[in-house]
A.B. asks: 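If you scroll down you'll find the structure; I have some questions about it.
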Amino acid sequence: MDALQNTYGDSALSALTAHTAPHELERLLEIDIESEHADISSRIAFSLSKILRENPSKISAEIVKNIEIPENSLVSSVKAVGPYINFYASELFFEKSLREILGGICFHRKGRVIIEHTSANPDGPLHIGHLRNACIGDALARILRHAGYDVETQYYVNDMGKQVAILVSGMRYMKIDEKKKIDHAIAEIYVKANKIIEEDEEKMREVEELMRKYEQGDSETVRKYEEVVEKCLNGIRETLHKLGIYHDRFVWESEFVRSSDVSDVVKALERSGRLIVHGNAVLLKMESVDKDLVIRRSDGTSLYSTRDIAYHRWKSERCDFMIDVLGKDHELVAKQLGEALDILGVKRPEILIFEFVSLPEGSLSTRAGRFISVDELIERAVARAYEEVARRRDDIDEEKKRKIANIVGIGAMKYDMVRVSPEKNMVFNIEEAIDIEKKGAPFIQYAHARASSILREAEKRGISDNGVNKNDLKNDLKIEHSSERALLMKLAMFDAVILRACDERKPHIVAKYARELAEVFNQFYRDCAVLSARDDVRSSRLLIVKCVRSVLKTSLNLMGIEAPEEM
RNA sequence: GGGCCCGUGGCUCAGCAUGGACAGAGCACCGGCCUUCUAAGCCGGGGAUCGCGGGUUCAAGUCCCGCCGGGUCCGCCA
């Protein structure tokens, strides 16, 4: 800014700042972080050229001439390249970022947040669509938590739907296959019962009867429901736990019917004057979407959407904001929910919509029994990883091989789900997902294992990194190679990446960063020998490796992926 | 029919919010690199009308309009 002023005097500066608040300084300077040509670059000459009616390249050259870099600056040099002004980071900048990483970067996002994800119906095992939901939701929860938020994850149990009623009715005349994993056995019953009901009206009436009784809280019906729902949930939880995904709380939608929550919501909506009576049913007039919301059926029973309103009102009282991770098919319903909550004066949840996952052979359907279960996927991914481990490591025992295969196989699956931006449709090709992709999780895990290996070896040889515990690393950091510098730069971006992924609710940003960090680390690994370097360089590099390992591990963990010490 | 999302090398994706320096990766393909900290790695090569057409701009993959293709939703289901 000073340079700008020295170059063109107050007139240009005031012309530029006339409509700009001071906090928009960054915008004003048109700064590009981590462009490929510089560490930081400014495009301000473009906008100045308009005001000054002057060639932008000339302007940037003039500005650079007037820039004086102070002692101990985070910037080491400035260059004008055509219309661009390029800034380059100093060693001090890298030292500062390493110190922050070693000290544990502290983020200061504050507030309580409830993230709801997965919430699969308790009528069978998780399939590939749920996997995407769970992986995105879990990663998001981890990222927000890391950024400082107080996060609670919830699984909303849809126990009042027709599906569950069909299942409960099927349990009357069918037995659970004990040999199978419980959620799979339940799905079998559900599919069969569904077929039977299609052809048998008597059975259909029975289902409706069950739904009525459950809503009324008939104790025998409730007991039957709870038994089967709980069983299925156990199966689902087992799958989620294999993936390292744990919900803090399971909330049953029936709770809101049995308490007065649902009826309270209906009463409150009545007071809004937006309800329309249609026969015996009650509808809520919608303005933002072209579809009114049914609040109560003709027979007086509640609907999913009504209970969902009650659930969100309940949630909203327990947090500062909430995020729902939902499939694209829920978009309209989510909009209706939002408007209903507006009417009630309850804050809306943020909705993170993810697009559908389809199979190469067509769409998925639980009802038709056409899906790939997550359990099957896990099994195949881990088996594939095991082949790989067995091929490379005959020096380790069986247990270790299995452990690594588990970490790698599951990591590959999860990474595949997180790396793609949620709004993209995905065609899920099982062979490709299971394939230990070159630049997927295994690639990042491998880089972590390499870093760990260096540090392990250093310890074994009794080599210490002198700089680690010093408050001032100055003169300890030796940057001798361009790969080293590139790695340090990438490391320095870490905190910005986390905050961006957090604030924009985009876990895939972390996925991309982790892959890039692994890549530059591998290049560093090729170019810069650590243990055999001369003493001062060695301790500097050891320090860098330590930071890389830490950041790789954190990045993987933010995606819910484990970082193996060796593989 | 209407709403929303997607359309970037053969395949899978990043980049689009806040327009700028040659459109980046990976897979697959071709060719190199293990006496040195794990080759699940590294280096090099070929391969792209950024769906199509218009507009705004000094500058468009990015913003606006129209169209085409794919997905999804439009139940007193959840």
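Order of the sequence lines fixes the chain letters, A, B, ..., with proteins taken first and strands second; residue numbering starts at 1 for each chain.
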A.B. asks: Determine the Euclidean distance between corresponding P atoms of B:rG61 and B:rC22; express it in Å to zero decimal places.
C.D. replies: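 Pairwise P distance, B:rC22 against B:rG61, rounds to 13 Å.
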
A.B. asks: Using atom NZ of A:Lys439 as one end and atom C1' of B:rG24 as the other, report the distance to the nearest whole Å.
C.D. replies: 12 Å

A.B. asks: Heavy atoms under 4.0 Å, any strand shown: does A:Val294 hit a base, just sugar-phosphate, or nothing?
C.D. replies: sugar-phosphate

A.B. asks: What distance, rounded to whole Å, do you find between the two C1' atoms, one in B:rC6 and one in B:rG51?
C.D. replies: 11 Å

A.B. asks: How close or far is atom P of B:rG26 from atom CZ of A:Phe443, stated in whole angstroms?
C.D. replies: 8 Å

A.B. asks: Which pairs, protein N/O on one side and nucleotides 57-60 of chain B N/O on the other, fall under 3.5 Å?
C.D. replies:
none

A.B. asks: Collect all protein-nucleotide pairs involving nucleotides 29-36 of chain B in which both atoms are nitrogen or oxygen and the distance is under 3.5 Å.
C.D. replies:
none

A.B. asks: Is any N or O donor-acceptor pair between the side chain of A:Asp159 and the base of B:rA78 shorter than 3.5 Å?
C.D. replies: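 Side chain to base: no pair below 3.5 Å.
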
A.B. asks: When you measure from the centre of the six-membered ring of A:Phe443, is the NZ or CZ of A:Arg515 closer than 6.0 Å and no more than 45° off the axis?
C.D. replies: no

A.B. asks: Can you find a side chain N or O atom of A:Arg297 that sits less than 4.0 Å from OP1 or OP2 on B:rC77?
C.D. replies: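 Yes, such a contact exists.
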
A.B. asks: Restricting to nitrogen or oxygen on both sides, can you table the protein-nucleotides 4-6 of chain B pairs closer than 3.5 Å?
C.D. replies:
from: B:rC4; atom 1: O2'; to: A:Lys328; atom 2: NZ; distance (Å): 2.7
from: B:rC4; atom 1: O2'; to: A:Glu331; atom 2: OE1; distance (Å): 3.0
from: B:rC4; atom 1: O2'; to: A:Glu331; atom 2: OE2; distance (Å): 2.9
from: B:rC4; atom 1: O2; to: A:Lys328; atom 2: NZ; distance (Å): 3.4
from: B:rC5; atom 1: O4'; to: A:Lys328; atom 2: NZ; distance (Å): 3.1
from: B:rC5; atom 1: O2'; to: A:Glu423; atom 2: O; distance (Å): 2.9
from: B:rC6; atom 1: O3'; to: A:Lys424; atom 2: NZ; distance (Å): 3.4

A.B. asks: Reckon A:Asn522 has a side-chain N or O less than 4.0 Å from the OP1 or OP2 of B:rC42?
C.D. replies: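 Result: yes.
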
A.B. asks: Expressed as a whole number of angstroms, how long is the span from A:Ile396:CD1 to B:rA40:C1'?
C.D. replies: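 Those two atoms, CD1 and C1', are 13 Å apart.
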
A.B. asks: Looking for any heavy atom pair under 4.0 Å, which part of the strands does A:Arg392 touch: base, sugar-phosphate only, or nothing?
C.D. replies: base

A.B. asks: What integer number of Å spans the P atoms of B:rC65 and B:rG2?
C.D. replies: 16 Å

A.B. asks: Look at all strands and tell whether A:Gln523 reaches a base, only sugar-phosphate, or nothing, counting heavy atoms closer than 4.0 Å.
C.D. replies: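 Sugar-phosphate: the residue A:Gln523, judged by heavy atoms under 4.0 Å, touches backbone atoms but no base.
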
A.B. asks: So, using salt bridge (Lys or Arg N to Asp or Glu O under 4.0 Å) as the criterion, who are the partners of A:Glu459 when residues are at least two apart?
C.D. replies: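 Counting only residues at least two positions away or on another chain, A:Glu459 forms no salt bridge (Lys or Arg N to Asp or Glu O under 4.0 Å).
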
A.B. asks: With sequence neighbours left out, write down each residue that passes side-chain contact (heavy atoms from CB on, under 4.5 Å) with A:Asn406, or none if nothing qualifies.
C.D. replies: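 If we apply the side-chain contact (heavy atoms from CB on, under 4.5 Å) test to A:Asn406, skipping adjacent residues, the hits are A:Val382, A:Ile410.
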
A.B. asks: How are the rings of A:Tyr156 and A:Phe256 set relative to one another: parallel (under 30°), tilted (30 to 60°) or perpendicular (over 60°)?
C.D. replies: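 Ring orientation of A:Tyr156 relative to A:Phe256: tilted.
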
A.B. asks: Where the side chain of A:Arg450 is concerned, which of B:rA40, B:rC77, B:rG41 is the nearest nucleotide?
C.D. replies: B:rG41

A.B. asks: Could you give the distance separating B:rG55 and B:rU62 at their P atoms, to the nearest angstrom?
C.D. replies: 14 Å

A.B. asks: Specify the separation, in whole Å, of atom NE2 of A:His508 and atom P of B:rG26.
C.D. replies: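 Interatomic distance, NE2 of A:His508 to P of B:rG26: 18 Å.
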
A.B. asks: Taking B:rC68 as the reference, what is the distance to B:rG54 when you measure between their C1' atoms (whole Å, please)?
C.D. replies: 15 Å

A.B. asks: I'd like the P distance from B:rG15 over to B:rG9, given in whole Å.
C.D. replies: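 It works out to 16 Å between them.
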
A.B. asks: Considering residues at least two apart in sequence or located in another chain, which fulfil the salt bridge (Lys or Arg N to Asp or Glu O under 4.0 Å) criterion with A:Arg485?
C.D. replies: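 Salt bridge (Lys or Arg N to Asp or Glu O under 4.0 Å) list for A:Arg485, sorted by chain: A:Asp39.
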
A.B. asks: Taking the C1' atom in each of B:rG10 and B:rG19, what is the distance between them to the nearest angstrom?
C.D. replies: 31 Å

A.B. asks: Assign B:rC42 to syn or anti; the rule is syn for a glycosidic angle within 90° of 0 and anti otherwise.
C.D. replies: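 It is anti.
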
A.B. asks: For A:His117, check ring pair (Phe, Tyr, Trp, His ring centres under 6.0 Å) against everything at least two apart and list the hits.
C.D. replies: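 A:His117: ring pair (Phe, Tyr, Trp, His ring centres under 6.0 Å) contacts with A:His247.
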
A.B. asks: Looking at CD1 of A:Ile143 and CD of A:Glu504, how far apart are the two atoms once the value is rounded to the nearest 0.5 Å?
C.D. replies: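 Those atoms lie 11.5 Å apart.
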
A.B. asks: Round to a whole Å and report the spacing from CZ of A:Arg419 to P of B:rA14.
C.D. replies: 8 Å

A.B. asks: Between B:rA25 and B:rG45, how far is it from one P atom to the other, in whole Å?
C.D. replies: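 The same atom, P, in both gives a distance of 11 Å.
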
A.B. asks: Assess whether one donor atom and one acceptor atom, taken from the side chain of A:Ser41 and the base of B:rA21, lie less than 3.5 Å apart.
C.D. replies: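 Between B:rA21 and A:Ser41, which were checked side chain against base, a qualifying N/O pair under 3.5 Å is present.
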
A.B. asks: Give RNA chain B the dot-bracket treatment, 5' to 3': Watson-Crick (N1-N3 with N6-O4 or O6-N4) or G-U (N1-O2, O6-N3) under 3.5 Å, [ ] crossing, | other strand.
C.D. replies: (((((((..((((......[...)))).(((((.......))))).....(((((..]....))))))))))))....

A.B. asks: Taking only Lys NZ, Arg NE, NH1 and NH2, and the carboxylate oxygens of Asp or Glu, determine whether A:Arg534 and A:Glu480 approach each other closer than 4.0 Å.
C.D. replies: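 Here A:Arg534 pairs with A:Glu480 in a salt bridge, since their nearest N and O are under 4.0 Å apart.
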
A.B. asks: Do A:Asp261 and A:Tyr311 meet the criterion of a side-chain donor-acceptor pair at a distance under 3.5 Å?
C.D. replies: no

A.B. asks: Mind checking side-chain contact (heavy atoms from CB on, under 4.5 Å) for A:Ser421 and listing every partner two or more places apart, or none if nothing turns up?
C.D. replies: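 For A:Ser421 the side-chain contact (heavy atoms from CB on, under 4.5 Å) partners, ignoring immediate neighbours, are A:Glu423, A:Lys424, A:His508.
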
A.B. asks: Checking A:Arg419 now: which residues fulfil salt bridge (Lys or Arg N to Asp or Glu O under 4.0 Å) with it, not counting sequence neighbours?
C.D. replies: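 Partners of A:Arg419 under the salt bridge (Lys or Arg N to Asp or Glu O under 4.0 Å) test: A:Asp416.
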
A.B. asks: Using the salt bridge (Lys or Arg N to Asp or Glu O under 4.0 Å) criterion, which residues pair with A:Asp503? Sequence neighbours excluded.
C.D. replies: A:Arg109

A.B. asks: Is there a donor on the side chain of A:Ser453 or the base of B:rC37 sitting less than 3.5 Å from an acceptor on the other?
C.D. replies: no

A.B. asks: B:rC74 phosphate, OP1 or OP2: any side-chain N/O from A:Gln336 under 4.0 angstrom?
C.D. replies: no

A.B. asks: If we count only N and O atoms by modelled type, under 3.5 Å, do the side chains of A:His278 and A:Asp292 hold a donor and an acceptor together?
C.D. replies: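 Short answer, no.
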
A.B. asks: Out of curiosity, A:Ile136 CD1 to A:Ile323 CD1, how far, rounded to the nearest 0.5 Å?
C.D. replies: 12.5 Å

A.B. asks: Here's one to test your reading of the geometry: is the NZ or CZ of A:Arg450 within 45 degrees of the ring axis of A:Phe521 and under 6.0 Å from its centre?
C.D. replies: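 That pair does not qualify as a cation-pi contact.
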
A.B. asks: Take atom CG of A:Leu337 and atom C1' of B:rA78, then tell me their distance rounded to the nearest Å.
C.D. replies: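 To the nearest whole Å, that distance equals 14 Å.
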
A.B. asks: Looking only at side-chain N and O atoms, does A:Arg307 come under 4.0 Å of OP1 or OP2 in B:rC77?
C.D. replies: no

A.B. asks: For A:Asp527 and B:rC42, give me the distance from atom CG to atom C1', rounded to whole Å.
C.D. replies: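 Whole-Å distance recorded here is 9 Å.
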
A.B. asks: Students often get this wrong, so: under 4.0 angstrom with heavy atoms, is A:Val545 touching a base, only sugar-phosphate, or nothing?
C.D. replies: nothing

A.B. asks: Using distance only, find each side-chain donor-acceptor pair of residues 279-288 of chain A under 3.5 Å and give its atom names and separation, not counting sequence neighbours.
C.D. replies:
from: A:Ser288; atom 1: OG; to: A:Glu339; atom 2: OE1; distance (Å): 2.6

